[in-house]
Amino acid sequence: MTEFRSESTWDDDTERRVISTVTGRPHDLTANQWQAVNHREGPLLVLAGPGSGKTRVITRRIARMVETGIAPRQILAMTFTNKAAGEMSARVAKLVSGAFVEVTTFHRFCAKLLRRFGTAIGLQSNFSIYDTSDQMGILREVLHRLDIDSVHYPPGKILSRISKIKNDLISPEQFAQNYAESIGNHWQAVVSRVYPAYQRELLAANAVDFDDLLLHVVTMLQENPEIRGELDERYRYVLVDEYQDTNLPQYHIVHALSFDYPNLCVTGDPDQSIYGWRGAQIENILRFERDFRDVTVVKLEQNYRSTKAILRQADGLITKNVHRKHKDLFTDNPEGNPVELWNFIDAAQEADEIARKIRAGGDEGDRNWSDYAICYRVNALSRQMEVALTRHRIPYQVAGGVTFYERAEIKDLLAYLRLVHNPADQVAFLRAVNKPLRGIGKTTQQKLVRWAGEQGIPLLEAAAVAGRNTALNKRAAKQLEQFSGLMESIAHAQADGVFMLLQAILLQTHFTKEWIGDSSEESRQRLANVEELLSAARQYDEAQGEEGDLEGFLETTALASDLDDVDLEAGAVTLMTLHSAKGLEFPVVFILGVEQNLIPHERSIREGNLRELEEERRLLFVGMTRAEQQLVLTQTYRREMHGRPMMTIPSEFLSEMDLTSIDFMSGSNTDAVWGGQETRWTYAGSDTDSCETQTDERHDDDSEEIQNEVKPQKRSRSMRDERTKTLTETTQSDAGRRSLKANDNAAPLPPKIFQVGSRVLHPQHGTGTVVSLNGISRRQMVTVSFDADELMRTFITDKAPLEPLKG
DNA sequence: AATTGTGTAGTTTTT
DNA sequence: CTACACAATT
């Protein structure tokens, strides 16, 4: 036993002083957590389940390192989001006052490196950072010049392809060469022309896109071993959070900084890898132990967040993933309420009932609005929820949407700032040049772009000498020269800080002139936005003191995210996608639309690959594990998809859990039990009248269109008698349904009871054995393996002429 | 140069 | 159905 050592440390959550034990381990850390916190030299992998106190471990570990004598400047902690970086940074600062530890995002860190070392790869230090709309601007120019039709080749799609290629660390030259050497399709042909041109334009504009921030750093580190060595030595202790979400460039960066000093600590959870579609490589975390020698692995499996009931269902789900490292999730928390599955007729009812429930929780006084989160797979689902919350007068915030810095007038103003800072910035020039309107229209702009391209000079320079361009008419040339003069004057304005510079711009350009006299709501909003930008600039200046440089301000605006201003204590219900919910926690969580084609998303089903399906499962897992006390999943009977009402199919994930199903579809309830699952059994007879399923017997190429569209009732009888064909095999005519209608006011038919393994009889297919059950209530489905042909067929229990056999 | 019309596509999006 | 981009108007 080591010598008794008395020490005390700050509890980062409660600010309570905690006394250490004999082992030196603080009371508020478990043995595993302490092992991670106390680890010093060598690679460390922390596999942290949801709610296992991962952030605490990281911050405490950083504090511990500083306390035990490591120079703060040798520590680098990297996260993905500003928010995570901000929180972590604040917690570290609280633990070790006075010591500055660099806690930053990957992108910010890379931007910083490029400002310093970017010249090594042909970038000037005042480069601009292009967001998606800026990228579009460049790309449109490129497409126009290459005479590529943007209808067949949408810029957005091209960009995402380029992004994918970049994330695979393939340079334009390599891509073009690969294409030349192999038989490519027309998309590759286009990309092999566009990608190099796009990249050239970016460089000419002294600009980088988000991917480039990482990519250029990788290149810079590869081509300059001395810089890599210097940085490796400087950052001797590197920590990376959410390592399961790193992509290839990030992997290279982290490794490049951990070669001579492999004190790399990564934390993450393979089960929460949900950004594979964006290039994140779950393999990075899975192979960590093979990437380094002598890796210490710490597993944090105890959950401090959720009830036993919630954790059990989440764990039950995630264990269905085949490609997975085993983890034993457990909690000492109470059992809590069962996880519920609420069944609704449609999205309107779904939204209304949830709002009603939240209202009741708030009114009873034991819940705050901010206790609730409503999550969904796609943003489109937020709409009806918003309507319902508004109607019930419940305050809410939607994570996502348009970032402040992406609003038109703000981007316009920022374009001036960017142009001051980086006169080569083409997108900024084109944005600013005619706002406010000064008669420099599209044709003039195109002529200027062409001419400047030929001359090989930036647009601003070309504008300054526009008189020499014979293609331009006199008037246009004069306007351009005037604009150039204006920029000159702004750049030389006696401006101390960003705030004053912005004021100079507003003054000299008469930016707000057209809105000032106008009392319309739109103008009012725009002026308010401008005010807000001014105050953001002032705050920035104050925070930075005399240093208040333009570069830093622009970087902050460029790297801002719409998640940054989600305030968890805002006293409002939070609406967000399952993706943006990662890392958050709420007492009560609703997950909307747990339906096939929504989650798992239709795309992941269509691709038919397990990898994508498993990512969808992880996504649901992430959503479920956000809940502390109460978790509710919902599904509806029909839902509008792409504007058309469709019958839904229960998510296949539902059958992988054991949820308490509650039916909101009608008032008349009869209890029933299936496969040990308690269910409120309902027939919504009156409602069945208003909708009808339709056969999808087309065999054209469009047949990937999903399942059964709901049609209004005015259909011929013959149409009504056609068979329903869902994704599943199915259903007998609606004989069953008709009898139901006749029985409208009579006692409902008892449900047929099937269990996995039980024997059944089908009039056409003969006898068989039940293989699995899926779905609930009226849409409970049963998959049967038939004796005759050994084929599996799935039926909607309630519609198929399938009878349980005894024995 | 702004307005109106037409067509088309329609996940998720830490930066 | 709706949002968006682009084209064709005035």
Side-chain angles (χ1 to χ4, degrees), chain A residues 78-86 104-111 129-136 140 143-144 149-152 154-157 159-160 163 167 208-215 241-242 244-247 249-250 272-280 375-384 399-401 403 405-406 434 437-445 555-564 566 576-584 593 597-607 612 615-616 618-620 622-623 639-646 705:
Chain A
M78 284 201 278
T79 66
F80 282 84
T81 65
N82 298 317
K83 206 173 174 172
T104 182
T105 65
F106 271 102
H107 288 83
R108 213 172 273 278
F109 177 71
C110 288
I129 299 171
Y130 277 9
D131 69 11
T132 317
S133 75
D134 299 326
Q135 290 178 279
M136 290 281 206
R140 271 180 221 289
L143 293 181
H144 184 74
D149 143 43
S150 63
V151 174
H152 285 96
K157 274 199 177 138
L159 277 179
S160 70
S163 173
N167 284 327
V208 299
D209 62 24
F210 289 139
D211 295 322
D212 284 341
L213 281 171
L214 306 172
L215 209 61
D241 192 21
E242 306 280 18
Q244 78 281 353
D245 287 332
T246 50
N247 63 17
Q250 285 156 343
Q272 293 183 63
S273 161
I274 54 174
Y275 284 102
W277 53 275
R278 260 191 113 195
C375 306
Y376 32 79
R377 178 62 234 265
V378 296
N379 282 119
L381 292 195
S382 78
R383 257 222 166 117
Q384 272 165 303
T403 310
Y405 295 112
E406 280 168 8
N434 203 27
L437 300 175
R438 39 176 84 88
I440 304 172
K442 213 157 68 181
T443 355
T444 308
Q445 289 178 30
E555 198 160 293
T556 301
T557 63
L559 299 179
S561 126
D562 41 14
L563 241 52
D564 295 349
V566 175
M576 70 201 135
T577 61
L578 288 165
H579 282 92
S580 21
K582 200 177 72 170
L584 306 177
N597 295 321
L598 230 36
I599 177 154
H601 193 269
E602 60 177 303
R603 201 140 157 166
S604 67
I605 299 170
R606 198 182 309 164
E607 306 286 313
E612 284 184 36
E615 182 156 312
E616 296 286 312
R618 291 195 292 269
L619 187 54
L620 183 55
V622 165
R639 190 185 292 280
E640 293 208 346
M641 299 280 276
H642 309 312
R644 341 221 76 176
M646 303 286 265
E705 179 175 338

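Chain letters run A, B, ... following the sequence lines, proteins first, then strands; residues in each count from 1.
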Over how many whole Å does the gap from A/Leu381 atom CG to C/dT2 atom P extend?
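That distance rounds to 16 Å.
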
For atom CZ of A/Arg108 and atom P of B/dT14, their distance in whole Å
14 Å

C/dA5 versus B/dT12 - spacing of their C1' atoms, nearest Å:
22 Å

Separation of the P atoms in C/dC4 and B/dT13, to the nearest angstrom:
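Between the two P atoms, the distance is 15 Å.
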
With A/Asp211 via salt bridge (charged side-chain N to carboxylate O under 4.0 Å, His left out) - residues at least two apart
none

Does a side-chain heavy-atom distance below 4.5 Å link A/Phe210 with A/Asp131?
yes

Run the side-chain hydrogen bond (donor to acceptor under 3.5 Å, both in side chains) test against [X] and tell me which residues pass, sequence neighbours left out.
| X | answer |
| --- | --- |
| A/Thr79 | none |
| A/Arg438 | A/Tyr416 |
| A/Glu640 | none |
| A/Thr556 | none |

For a quick check of understanding: with a heavy-atom distance under 4.0 Å over all strands, which category does A/Asp131 fall into, base, sugar-phosphate or nothing?
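Touches nothing.
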
Want to settle it: does A/Lys442 or A/Leu213 sit nearer the 5' end of DNA chain B, counting the closest nucleotide to each?
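Upstream on the strand: A/Lys442.
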
In chain order, what residues pass the ring pair (Phe, Tyr, Trp, His ring centres under 6.0 Å) check against A/His579, with sequence neighbours excluded?
A/Tyr275, A/Trp277

Results of ring pair (Phe, Tyr, Trp, His ring centres under 6.0 Å) for A/Tyr376 - residues two or more places apart only
none

Can you check nucleotides 3-5 of chain C for protein contacts, nitrogen or oxygen pairs under 3.5 Å, and list what you find?
unit_1, atom_1, unit_2, atom_2, d
C/dA3, OP1, A/Arg383, NH2, 2.5

Quick one, give me the B/S/- string for nucleotides 6-13 of chain B, reading 5' to 3', where B means a protein heavy atom under 4.0 Å from the base and S means that only happens at the primed atoms, P, OP1 or OP2.
----SBBB

